[in-house]
Amino acid sequence: MEGRSRARRAACPGCGYWSSRIHGFYLRFPRDLPTSGKLVVMSLRVRRFVYAEGSCPRETFAEQVPGMGKCRLKCCSRPES
């Protein structure tokens with residue numbers, strides 16, 4: 001399964017500044033629970049954005065895709081029942 005965000009911009013997780021300048025991208029491979037006994041393999045294309053505001057120490061940041069876990073989390077988040 002492959003995925004990518006269609007959002008045109010993303011907010012810096014440090015200060016909330018919105019940027020639409022793309023620096024590059026990388027692939028993330030979040031794990032999911034097996035479905036019908038079969039392993040689920042996902043690749044998520046995540047963009048890195050250039051940070052243009054001088055008040056934050058970050059120069060670039062990666063977009064956060066809702067429902068796909070935090071930056072260093074290896075598993076997808078599950079909804080609470």
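Closest heavy-atom contact between Gly16 and Ala11: O-CB, 3.9 Å. Residue Ala62 comes nearest to Val46 through the heavy atom pair CB-CG1, 4.1 Å, listed as atom of the first residue, atom of the second, then distance. The two residues Phe61 and Ala10 have their closest heavy-atom pair at CZ-O, 3.5 Å.
Partners of Tyr17 by ring-ring contact (aromatic ring centres under 6.0 Å, His included), not counting sequence neighbours, listed by chain and number: Tyr51.
The salt bridge (Lys or Arg N to Asp or Glu O under 4.0 Å) pairs that include a residue from residues 35-48 are Arg47-Glu63, where partners are two or more places apart or lie in different chains. Residue pairs meeting the salt bridge (Lys or Arg N to Asp or Glu O under 4.0 Å) criterion with at least one member in residues 7-24: none, sequence neighbours excluded.
The shortest distance between side-chain heavy atoms of Arg58 and Cys15 does not fall below 4.5 Å.
The line from OG1 of Thr60 to CZ of Phe49 is 11.0 Å long, rounded to the nearest 0.5 Å.
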